[in-house]
Amino acid sequence: MTLVQSQDVAQSISSREELRDLVRSQLQIFLEQGNLKDAKLLLVPVQAVDVAEVIHELPENLHAIAFRLLPKDEATEVYEHLDRSVQQALLEEFKNQEIRDLVEQMSPDDRARLFDELPAKVVRQLLTHLSANEREATSLLLGYQPDTAGRIMTPEYISLKENLTVNGALERIRHLADTTETVYALYVTDAARHLTGILSLRDLVVAQPEQTVGEIMNRDAVFVHTSTDQEEVARTIQRYDFLAVPVVDSEQRLVGIVTVDDIIDVIERETTEDIYALGGLQSDGEDYFQMNLFRVSRQRASWLLILLVTNVLTSAVIRANEGTLKQLVGLAMFIPLLIGTGGNVGTQSSTVIIRGLNMDKIQTGGAWRLIRREAIAGLMLGSMLGALVTVGAYLLQGDIIISLSAGVSLIAIAVLASTSGAALPILFKSQGFDPALMSAPFITTCVDVLGVLIYFTVARVLLTLIPTA
């Protein structure tokens, strides 16, 4: 297939994913053939974010070759979209001057994120070769705590003064547009850089040319502090439908902005961490599929050991009730069913509560109401499932004690599981622990050990109440 043919095919494809796949396969063919001219032309009409994904999907030995085909003004934007592991690999491939030029052209917030992943020695070397302005901007961001607004903000924004006319403001925007993160969100500051108001580019466009910024701006500015957690920043942007939110220091001076594209990355990382945590894994913000296998195994083993201890405790409860089992051997048949169902009920409750906590929909004052609500839901679920299990157990075993033990225990276990599934995440959150990471093993422990204990206790009670043949 020639270059012209491949471009014609690309124009007929509606799916961007299919387009990326076509570009990647054709680019790989060109690079392996040494046809750098056609490879370079192939990348010209492709968006920077798609080029980054195409390079990431190429064989590792072709990453540097493909990246060097990009025009200098586009290379930085593509680099900012690349996976961290690819970024670091490219740094090792480049000559010193290439590295310095590339890092110098990156936006301060993307540069700070890259530096977070690099060894400290490399970061110090790169910082010394940055221009004074870029070094100061990057050092400022690196000075803030990780996962805060100060760490993810960019100092590249447009600030205006109240006495500027609309025409003067538009002229300033035109002058600064190439060196700022966004021109759509604008901020008004006084002589000491204190944030006094906000306005949008639309506000300027529809205003009269002779009006001043002070006349059209919104003085009720919503902002976050440099120490604000990045999840709270995300909620603020979502709540007010912002394209960017201003960041101020302890003295209310404007020091940067957090844009919605950076927040989308934050939300993706936080959601990934929560999903891993629900499985008893802790990624520490790293790409799980790029982690060392030994580390992966060690992390999994730590939580599996907790579950192993849980199983030992469950076995101890069963051993302590050997007498009951000898009287009713059929009881053993329903142990997996009870603890399995209880685990599922607990997982359902913990999932909705953890999601509510992460979205800031659960306040401390309403915690007991939610726990009570989940307990009632568990009672309703347990009653429905318990009735089915009672009937099914009787049909299988023909023993009223076993069937009633299974049915009544399932009701109690469902209430226990839903209550602990709701209460434990709230408790751990109030103590400063990650509710997703801490809840899973404790819920499993509660349901497994206490569930089996409840089951045998109910069976013993029924044995005393109902005479056996």
Side-chain angles (χ1 to χ4, degrees), residues 274-281 300 302-321 324-325 331-357 367 370-390 392-393 402-429 431 433-461:
D274 288 340
I275 292 173
Y276 284 161
L278 285 171
L281 300 170
R300 290 187 179 186
S302 61
W303 292 108
L304 289 175
L305 283 173
I306 295 177
L307 299 181
L308 183 64
V309 172
T310 298
N311 288 330
V312 170
L313 293 173
T314 304
S315 300
V317 172
I318 294 173
R319 187 170 60 252
N321 289 273
T324 306
L325 270 177
L331 286 172
M333 176 180 177
F334 297 99
I335 293 175
L337 181 148
L338 293 175
I339 61 178
T341 303
N344 291 334
V345 172
T347 299
Q348 288 177 338
S349 293
S350 64
T351 299
V352 296
I353 295 298
I354 290 169
R355 186 59 178 161
L357 289 170
L370 286 173
I371 295 172
R372 185 171 64 250
R373 184 175 183 271
E374 286 301 311
I376 295 172
L379 178 62
M380 295 172 65
L381 286 169
S383 298
M384 290 186 289
L385 296 174
L388 290 174
V389 168
T390 301
I402 294 176
S403 59
L404 284 176
S405 296
V408 173
S409 297
L410 187 54
I411 297 173
I413 291 171
V415 173
L416 169 68
S418 57
T419 303
S420 60
L424 287 175
I426 295 173
L427 174 63
F428 289 130
K429 178 80 171 180
Q431 298 301 312
F433 297 112
D434 185 342
L437 183 64
M438 298 299 295
S439 300
F442 285 94
I443 291 171
T444 301
T445 301
C446 287
V447 173
D448 285 7
V449 179
L450 296 181
V452 172
L453 185 60
I454 289 170
Y455 183 38
F456 284 113
T457 300
V458 171
R460 284 200 307 274
V461 171

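Quick caveat: nothing in here was measured; it's all calculated off a predicted structure.
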### Query
Can you check side chain to side chain contact (heavy atoms under 4.5 Å, CB included) on T351 and R355, steps first, answer last?
CA-CA 6 Å; T351 299; R355 186 59 178 161; 5.5 Å; no
If you take all heavy atoms of [X] and [Y], which pair is closest and at what distance?
{"X": "S409", "Y": "Y455", "result": "OG-CA, 3.2 Å"}
{"X": "S405", "Y": "V458", "result": "CA-CG1, 3.9 Å"}
{"X": "S383", "Y": "L379", "result": "OG-O, 2.7 Å"}

### Task
Output all residues satisfying side-chain hydrogen bond (donor to acceptor under 3.5 Å, both in side chains) with R460, sequence neighbours left out; order by chain, then residue number.
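Checked R460 against side-chain hydrogen bond (donor to acceptor under 3.5 Å, both in side chains); matches are N321.
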### Message
Using the rule side-chain contact (heavy atoms from CB on, under 4.5 Å), only one of L338, I335, L313, T457 pairs with V452; which is it?
### Response
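When L338, I335, L313, T457 are each tested with V452, the side-chain contact (heavy atoms from CB on, under 4.5 Å) holds only for I335.
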Going by atom type alone, with no hydrogens or angles, which donor-acceptor pairs under 3.5 Å involve a side-chain atom of residues 411-429 and a protein atom two or more places apart or on another chain?
{"residue": "S418", "atom": "OG", "partner": "E374", "partner atom": "O", "Å": "3.1"}
{"residue": "S418", "atom": "OG", "partner": "A414", "partner atom": "O", "Å": "2.9"}
{"residue": "S418", "atom": "OG", "partner": "V415", "partner atom": "O", "Å": "3.1"}
{"residue": "T419", "atom": "OG1", "partner": "V415", "partner atom": "O", "Å": "2.7"}
{"residue": "S420", "atom": "OG", "partner": "L416", "partner atom": "O", "Å": "2.9"}
{"residue": "S420", "atom": "OG", "partner": "A417", "partner atom": "O", "Å": "3.1"}

Between [atom1] on residue [X] and [atom2] on residue [Y], distance to nearest 0.5 Å:
{"X": "L450", "Y": "I454", "atom1": "CG", "atom2": "CD1", "result": "6.0 Å"}
{"X": "L381", "Y": "N344", "atom1": "CG", "atom2": "CG", "result": "11.0 Å"}
{"X": "I318", "Y": "L453", "atom1": "CD1", "atom2": "CG", "result": "11.0 Å"}

### Query
Between S349 and G346, is there a donor-acceptor pair closer than 3.5 Å when you use the side chain of the first and the backbone of the second?
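Flag not set: sc S349 to bb G346 has no pair under 3.5 Å.
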### Non-neighbouring partners of L388 that pass side-chain contact (heavy atoms from CB on, under 4.5 Å), sequence neighbours left out
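L388: no side-chain contact (heavy atoms from CB on, under 4.5 Å) contacts found.
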